[in-house]
Amino acid sequence: MAIAVVLTVGLLPALVASARPSDGATDELALPSDVSTRTSAWLDAGGRDIMQSLLDERAVVVGRALYAAELPLITEETTAGETVAIILEFGQAMDDATAACGRLRDAAERAERFIPIPDPEAQSGWEALYTAARRGGEACVEGLASNRMTIFDAAESLPGARLDGRVITRLEQIGVL
């Protein structure tokens, strides 16, 4: 039922714009058969936003890990005030990364519930990406919250550019990006 609602509300403008009467004698709408048109409609109906949120949240986790890696080491020469500041900054980076991992997991779950990409090849890559993002987001949240995972492990647990590239390359091939 939810798919029908998304299809009706989200894809209707694209379908109406590309619809043609089947034989001129009826008002029946024909679904666009062109995979590019249907995939473009998928992007416009919310697919682009979900895809972007997956990429954005992963970037936050990786960015916070890189930031944490740049924090000064606490040594014998580090003053008490500097130590407190470093610990607080590292704690904030951990909190930011944990929150981003949760948002990544949530975005992946939205992607899982969303209508599939009309192009089977793009959908295959997309499914691999959001499945890996969901698993990585879950592992990241649980690992960081329980201190079983470092912020660096969390960043490495998330899907990488190879999966993104697979989807993006296919979307470029069919002319929608």
Side-chain angles (χ1 to χ4, degrees), residues 1-67 96-141 151-177:
M1 182 56 91
I3 291 174
V5 172
V6 170
L7 210 79
T8 302
V9 174
L11 297 180
L12 189 57
L15 293 176
V16 170
S18 63
R20 297 176 296 267
S22 59
D23 63 4
T26 68
D27 290 333
E28 180 180 312
L29 294 179
L31 292 176
S33 61
D34 177 50
V35 71
S36 176
T37 302
R38 291 182 287 133
T39 302
S40 183
W42 177 87
L43 287 165
D44 293 342
R48 179 180 287 109
D49 293 338
I50 293 172
M51 190 176 290
Q52 190 62 54
S53 66
L54 287 177
L55 302 176
D56 290 348
E57 297 307 339
R58 184 187 64 201
V60 169
V61 176
V62 171
R64 296 315 287 168
L66 292 172
Y67 173 78
D96 293 348
T98 302
C101 287
R103 291 188 305 266
L104 176 69
R105 178 202 55 221
D106 295 346
E109 289 171 354
R110 280 193 312 278
E112 232 170 343
R113 291 187 307 267
F114 197 66
I115 56 176
I117 298 176
D119 178 72
E121 188 177 333
Q123 176 60 27
S124 173
W126 176 234
E127 189 171 336
L129 176 60
Y130 69 65
T131 299
R134 182 181 42 76
R135 288 181 185 147
E138 288 169 353
C140 175
V141 168
I151 194 170
F152 311 107
D153 295 333
E156 288 190 8
S157 75
L158 304 179
R162 260 186 50 221
L163 283 176
D164 301 349
R166 182 174 159 198
V167 177
I168 292 169
T169 298
R170 179 60 185 160
L171 295 176
E172 288 172 342
Q173 287 172 344
I174 60 176
V176 295
L177 287 184

Find the distance between [atom1] ([X]) and [atom2] ([Y]) and round it off to the nearest 0.5 Å.
X	Y	atom1	atom2	value
Glu138	Asp106	CD	CG	10.0 Å
Arg103	Thr98	CZ	OG1	10.5 Å
Leu171	Ser40	CG	OG	10.0 Å
Leu66	Phe152	CG	CZ	8.5 Å
Leu129	Gln123	CG	CD	11.0 Å
Arg135	Arg105	CZ	CZ	15.0 Å

Under a 3.5 Å distance rule, please check whether [X] uses its side chain to pair with a backbone N or O of [Y] as donor and acceptor.
X	Y	result
Ser53	Ile50	yes
Ser157	Ala154	yes
Glu172	Leu177	no
Trp42	Ile115	yes

Not counting sequence neighbours, which residues clear side-chain hydrogen bond (donor to acceptor under 3.5 Å, both in side chains) with Asp164? List them please.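 Asp164 satisfies side-chain hydrogen bond (donor to acceptor under 3.5 Å, both in side chains) with Arg58 only.
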- Take Arg170 and Trp126, measure what side-chain contact (heavy atoms from CB on, under 4.5 Å) needs, and give me the verdict at the end. CA-CA 10 Å; Arg170 179 60 185 160; Trp126 176 234; over 6 Å; no
Checking salt bridge (Lys or Arg N to Asp or Glu O under 4.0 Å) between Arg134 and each of Glu127, Glu109, Glu112, which is the one that passes?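 Among Glu127, Glu109, Glu112, the one meeting salt bridge (Lys or Arg N to Asp or Glu O under 4.0 Å) with Arg134 is Glu112.
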Next on the checklist: Using side-chain contact (heavy atoms from CB on, under 4.5 Å), reason through Leu43 and Val176 one step at a time and then give a plain yes or no.
Outcome noted: CA-CA 9 Å; Leu43 287 165; Val176 295; 3.8 Å; yes
Legend entry - side-chain contact (heavy atoms from CB on, under 4.5 Å) assessment of Met51 paired with Leu54: CA-CA 5 Å; Met51 190 176 290; Leu54 287 177; 5.7 Å; no
For [X] against [Y], the heavy-atom pair lying closest together:
X	Y	value
Ala100	Val61	CB-CG2, 3.6 Å
Val167	Gly125	CG2-C, 3.2 Å
Ile174	Ser36	O-OG, 3.0 Å

(message) Whether Arg48 and Asp44 form a salt bridge (side-chain N of Lys/Arg under 4.0 Å from carboxylate O of Asp/Glu) is what I want to check.
(response)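 A salt bridge links Asp44 with Arg48.
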